[in-house]
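Working notes, structure below.
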Number of protein chains: 2
Amino acid sequence: MGVTVSLVLNIERGQTQSTLQNQLYVQIRESILSGTFRHEMPLPSSRRLAEDLGISRNTVVLAYERLFDEGYLQTQAGVGTFVTKSLPERCITVDVPPNKARERIAPVVLKRPRLAFRGQRLQFAEKGAGRPSIDFWYGSSNRRHFPLKAWRKLLVDNLSRTSTNLSDYGSPAGNLELRQALAERLGATRGIRAAADQVIITAGAQEGMNLISRLLIEPGVRVAVEDPCYGGAARAFESYGAAIVPIPVDNEGIDIAALEIEPAVLAYVTPSHQFPTGVTLSLERRQRLLKWATTEGAYIVEDDYDSDFRYDGPPLMALAGLDRSDCVIYLGTFSKSIGAGLRLGFLVVPEHLVDSIVAIKSLMNYGHPWLDQIVVAEFIKSGGYERHIRGIRRLYRDARDALLSALKRHFGEQYISGKYSGMHLMWSLPPSLAPANKFAETALAHDVGVYPIDAVGAVDFGGVWKANGIVLGYSSLSANQIEVGIKRLADAYSGRTSRRRAR
Amino acid sequence: MGVTVSLVLNIERGQTQSTLQNQLYVQIRESILSGTFRHEMPLPSSRRLAEDLGISRNTVVLAYERLFDEGYLQTQAGVGTFVTKSLPERCITVDVPPNKARERIAPVVLKRPRLAFRGQRLQFAEKGAGRPSIDFWYGSSNRRHFPLKAWRKLLVDNLSRTSTNLSDYGSPAGNLELRQALAERLGATRGIRAAADQVIITAGAQEGMNLISRLLIEPGVRVAVEDPCYGGAARAFESYGAAIVPIPVDNEGIDIAALEIEPAVLAYVTPSHQFPTGVTLSLERRQRLLKWATTEGAYIVEDDYDSDFRYDGPPLMALAGLDRSDCVIYLGTFSKSIGAGLRLGFLVVPEHLVDSIVAIKSLMNYGHPWLDQIVVAEFIKSGGYERHIRGIRRLYRDARDALLSALKRHFGEQYISGKYSGMHLMWSLPPSLAPANKFAETALAHDVGVYPIDAVGAVDFGGVWKANGIVLGYSSLSANQIEVGIKRLADAYSGRTSRRRAR
């Protein structure tokens, strides 16, 4: 038995086998982690240890097996069982006090569990100091257009309503009045036939992505996304372990032929106004996408984030309105139409998924704050929301027109996508102005913010659009600011102004 | 080749191997699902199919392997490869139109992805019709005590504040003013030394459980919970695949000796007022629990849901205040102190976890609605919150006193736990009144709501407390209602009233 370490174990008998096995596991692990039991020492055989301790061999085998599984032990063929040379990563060595005398003592090992989370933080821009004076940032609502007066009245009127109040839990699916108002509005504006119970209130579209992810994504599940794709979607799916399958976008939207040969459980699309290119998915492709989902046995997530703002011609019917196979999950948000600070959005899910989504929402946070839901419901029902939308749609359209004409005036004919709707368009820079990141740097040096697509949180998997795509958001700028901003860019590129002066 | 089916495949060459493989996979799967390719038909060998199609054998092998993995194919030793007899569960047969003529056509197979979610819905009681007239429901705030006047003023005052508004995204971690106010308050009231950036605003404590789950839980990770345990915690951890390890609770709280032999990555505890038994974790056990976590390399989740309501003696210092190894994650909520309809809570996390938790929160919903956060921050900073707490603490203490004296008057000396704090206590029924579920039924027949512990959403793994534990919430009842309710119960058991009259 020469080289075999003598394990000092203190096993309390008279317990169940499972408990004995745990004691054994814990104590051996302790000896390993404290350094008493080191790599060069072979373990006693399970038979021998069982005899020594007077317990069943099976108990020892199971304890050893667990230590193997967790990476504490390893086998060397023909020699025996040893402590793993480099211990599992959950054992993190922390700093030892800078005391020379202690150097020869084993370092203090403060164990930490391994983190399960493997995601990337989302980072949306926060307004404030440090932003350029003329900022074509994407997707900001114009603060001056927040419906402040109506909001104040609705807040005060509804705060003390006796039927509902802030003291109690409501339904995790959301306030029924709001769900009904949304179901009606979506029928009228987007052609979606949904009952109120299919509408689930969420903390913005972002939470909707999480509800869908928890419903459908296990590690390795294939999720098709547009390439380039909205980062809030791709990063959320990835964080649940999805295998992301990027499908190229061209000027008719996502390339369905490419999707058809890529099996997936889920396809995430922005058909109304693709993010960030702004292209609209053609009707023919919408129908083919629905057919793909039906044949493939997949779901489509339709993110309709800015469909309230269409300036030229009627909006195409939502995929959820065309869907006859209950395969579309529709994502909506008030972040664009009212304000992102509300954190209010919604899902419309096929009837057969309602119970599961509500269960997930109940576990996730048991529903959205009550007061904002009631205020928005009343805002919609009173007609105030439609008036608000019409008003800002006019303003945004004027801003878009100003942007298009400023671009034409200062840069001539340019390749612009996504100009028919939304709060931003995309400018594909000509070779004389590209690359996009250099262009954005030059703009910033002249106190103008313009953004390559990755700067607005889009993920360009194939790298096709990133090189020369510039996103220009216009919703929080006046016509005058837009003219000044675009002129500064033109001046910068014709050398007619010095950087110093512009700053 | 007699019995081998002739696969009609349409492979487009001139593509990458991966794409060919996908085409093959998709088309074979289609043939299986449409019924053209049935169980009794053996597949051609990979070698033969590769030759027939003029593609590499490896491409065929990989496509077959995927079909095996997903359950479409199976091997019969010595015979060959076949379509699986019963297809995978993701292929769901839907109803065929009731047309007799179509009966012989293969049923329409509408495939659906397998759901990843494996959780149970949480169900909190919603007030309203159908509840008994005297309802000892657990944890409801008293609506009449909602700080309506202060709230209205704070909402209106802060709605149009220029520094912050509802139009934009804020920090996903929450409003800094609120985080600062909470950090200060927790230092003063719970002995927790935390910087504002360690405080993360959440949608109630329930969302906090999800942030922690996403941080630490992968399928199979061991999570120790109190037995009995708050269902909102156990169900959330389970839904992420945790292996729940129930640790018995006795009258000093969770049994640390039992925990010490059960390795776990996380221990979830309610030390101030154990849910549902109401017992307080003794100081000696608090210290031993912290030692366990440090030795084990585990985290402790301290859910301090109703610690603002302590009636007798000073509260014990929070575990997060005693923690010297950065192993405690503290969960707080405004659901009890202001109202559950706010859906507002917070986490206090060790510094080394802040970035990960904020990343998860950014992906989950990018933060909490702005206005409520500001209102609560101002409410705390103005001193209004402390006054509010003091006021309702007095009312709840009076209600508790009324309940204790009514129980004594009508039932004599009883075994009551959890009476020193909170909004509920637990009555362990004597054999003459038990079992608890029968007692609750009798109470309901007399229009009084009392609740066995599973009815308030506690999970009793060992079944020890369920049999005779009755939870009595008193926070939304007047002294008079309490007296009437307890008297009805006593009358029911002494036969002095008929059920009919009481209804």
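Values reported hereafter were calculated over all heavy atoms of this structure, with side chains retained and with hydrogens, waters and symmetry mates removed. By convention in this document, chain letters (A, B, ...) are assigned in the order of the sequence lines, proteins followed by strands, and residues within each chain are numbered from 1.
Contacts between A/Arg222 and chain B at a heavy-atom distance below 4.5 Å involve the side chain alone, from C-beta outward. In this structure, chain B has a heavy atom under 4.5 Å from the backbone of A/Ile217, while its side chain stays farther away. Within the 4.5 angstrom heavy-atom criterion, no atom of A/Lys361 approaches chain B. Heavy atoms closer than 4.5 Å to chain B are found in the side chain of A/Asn210, but not in its backbone. Looking at A/His368, the atoms closer than 4.5 Å to chain B (heavy atoms on both sides) sit in the backbone and in the side chain alike. Proximity to chain A (any heavy atom under 4.5 Å) is shown, for B/Leu266, by neither the backbone nor the side chain. For a residue to count as touching a neighbouring chain, one of its non-hydrogen atoms must lie under 4.5 Å from one of that chain's; by this rule A/Asp326 touches chain B with backbone and side chain alike.
The side chain to side chain contact (heavy atoms under 4.5 Å, CB included) search around A/Leu176 returns A/Arg179, A/Gln180, A/Ala196, not counting sequence neighbours. Residues satisfying the side chain to side chain donor-acceptor pair (under 3.5 Å) criterion with B/Ser239, sequence neighbours excluded, are A/Arg214.
Put simply, of B/Leu363, B/Leu344, B/Leu115, the one with the most heavy-atom pairs under 4.5 Å next to chain A is B/Leu363. Ranked by heavy-atom pairs shorter than 4.5 Å toward chain A, the options B/Glu207, B/Glu218, B/Met364, B/Lys336 are led by B/Met364. Looking only at heavy-atom pairs under 4.5 Å with chain A, the residue among B/Ala340, B/Gly119, B/Ser356, B/Gly345 that has the most is B/Ala340. Among B/Pro263, B/Ala298, B/Ala359, the residue making the largest number of heavy-atom pairs under 4.5 Å with chain A is B/Pro263. Of the listed residues B/Arg235, B/His352, B/Gln120, the one with more heavy-atom pairs under 4.5 angstrom with chain A than any other is B/His352.
Contact check for B/Val265 versus B/Val223: no side-chain heavy atoms found under the 4.5 Å cut-off. Put simply, the side chain of B/Tyr240 does not reach to within 4.5 Å of the side chain of B/Arg118, judged on heavy atoms.
No donor-acceptor distance shorter than 3.5 angstrom exists from the side chain of A/Arg121 to the backbone of B/Ser362, with no hydrogens or angles considered. When atom types are taken as modelled, the side chain of B/Gln373 and the backbone of B/Asn175 share a donor-acceptor pair closer than 3.5 angstrom.
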Start with the C-alpha distance between A/Phe334 and A/Asp372, add both sets of side-chain angles, then the distance that settles side-chain contact (heavy atoms from CB on, under 4.5 Å), and finish with yes or no. CA-CA 11 Å; A/Phe334 290 100; A/Asp372 291 340; over 6 Å; no

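A pairwise comparison of heavy atoms in A/Ala236 and A/Met209 identifies CB-CB, 4.1 Å as the closest pair.
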